[in-house]
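Counting begins at 1 with the first residue of the sequence.
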Amino acid sequence: MSSYTTPGASRTTRKRSRRYRQKNLWAQLLRGLLVAIGATLVCVLVFALLMQWLKPSDSAIRIVNQLIKLASIFIGVKVMLGRTCEKGLLYGALLGVCYMALGVGLFAILSGQQLPWTAYLSDIAMGVAGGGICGAIVGGIK
């Protein structure tokens with residue numbers, strides 16, 4: 001007994017597969033974003049404890065802050081991509097922009113400071129570039 005699939009059935013399967021990938025992408029993005037936020041919180045807590053002993057300068061604090069952000073994005077991208085290695089650059093950039101936009105928004109709300117738009121945009125651009133680079137590295141490793 002042979003089976004025959006109609007052309008309409010294969011289109012339905014493709015649509016379902018595309019929807020599943022889109023849902024899977026958002027789930028992966030959320031998981032990577034949550035891991036990146038968690039890594040940031042742990043790193044900031046450790047750095048805050050170390051600041052009591054080290055007494056770093058303001059410029060050193062800014063540099064460590066940027067390194068914490070990039071390290072968190074890298075960890076989040078690594079978790080987000082998991083075993084897949086396709087579209088690492090794009091997915092990494094997407095995670096970077098979401099992470100930095102969330103961070104910039106929370107900073108603006110919690111601090112009450114009004115920084116120039118260029119400062120906010122430069123942070124978001126750093127997240128896009130850093131996330132894209134991390135995604136390309138992680139995607140190339142596998």
Side-chain angles (χ1 to χ4, degrees), residues 3-142:
S3 65
Y4 173 76
T5 59
T6 62
S10 63
R11 271 189 261 140
T12 306
T13 305
R14 277 187 261 147
K15 284 182 185 179
R16 284 186 199 146
S17 177
R18 187 179 315 135
R19 275 189 236 133
Y20 174 75
R21 281 182 293 194
Q22 287 173 344
K23 287 180 184 177
N24 195 22
L25 168 66
W26 293 114
Q28 286 176 306
L29 177 65
L30 182 63
R31 186 177 57 189
L33 190 60
L34 290 175
V35 167
I37 291 169
T40 301
L41 293 175
V42 168
C43 290
V44 167
L45 180 65
V46 169
F47 184 59
L49 293 173
L50 289 175
M51 282 178 59
Q52 299 298 319
W53 294 304
L54 299 177
K55 311 257 189 263
S57 66
D58 286 344
S59 61
I61 292 172
R62 281 189 215 107
I63 291 170
V64 171
N65 184 24
Q66 298 300 331
L67 291 175
I68 287 172
K69 290 176 190 177
L70 288 174
S72 297
I73 290 172
F74 183 81
I75 292 168
V77 168
K78 179 83 172 140
V79 168
M80 179 184 169
L81 290 179
R83 295 181 182 173
T84 64
C85 61
E86 60 184 36
K87 298 183 183 177
L89 179 76
L90 179 66
Y91 291 167
L94 181 63
L95 180 93
V97 76
C98 290
Y99 172 85
M100 291 303 275
L102 183 66
V104 164
L106 285 175
F107 176 78
I109 292 169
L110 296 176
S111 72
Q113 295 179 355
Q114 291 295 328
L115 295 178
W117 283 102
T118 55
Y120 293 132
L121 290 177
S122 67
D123 270 358
I124 291 174
M126 184 191 84
V128 171
I133 291 169
C134 292
I137 290 171
V138 170
I141 288 174
K142 297 175 181 174

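- In terms of the side-chain contact (heavy atoms from CB on, under 4.5 Å) criterion, Ala129 has no residue partners (sequence neighbours excluded).
- Interatomic distance, CZ of Arg62 versus CG of Asp58, reported as 5.5 Å (0.5 Å rounding).
- Counting heavy atoms from C-beta outward, Trp26 and Leu29 have side chains that approach closer than 4.5 Å.
- Counting heavy atoms from C-beta on, the side chains of Val138 and Met80 never come closer than 4.5 Å.
- Across all their heavy atoms, Val77 and Gly131 have their closest contact at CG2-O, 4.2 Å.
- Rounding to the nearest 0.5 Å gives a distance of 6.5 Å between CG of Leu70 and SG of Cys134.
- In terms of heavy-atom proximity, Gly76 sits nearest to Leu95 at C-CD2, 3.6 Å.
- At a threshold of 4.5 Å between non-hydrogen side-chain atoms, the residues Asp123 and Phe107 do not count as touching.
- For the atom pair Leu25 CG and Leu30 CG, the distance stands at 11.0 Å (nearest 0.5 Å).
- The two residues Ile37 and Leu102 make their nearest non-hydrogen contact at CD1-CD2, 3.5 Å.
- Side chains of Ile61 and Phe47 form a contact here, defined as non-hydrogen atoms less than 4.5 Å apart.
- Residues Lys78 and Val35 form no side-chain contact, since every pair of their non-hydrogen atoms from C-beta on lies 4.5 Å or further apart.
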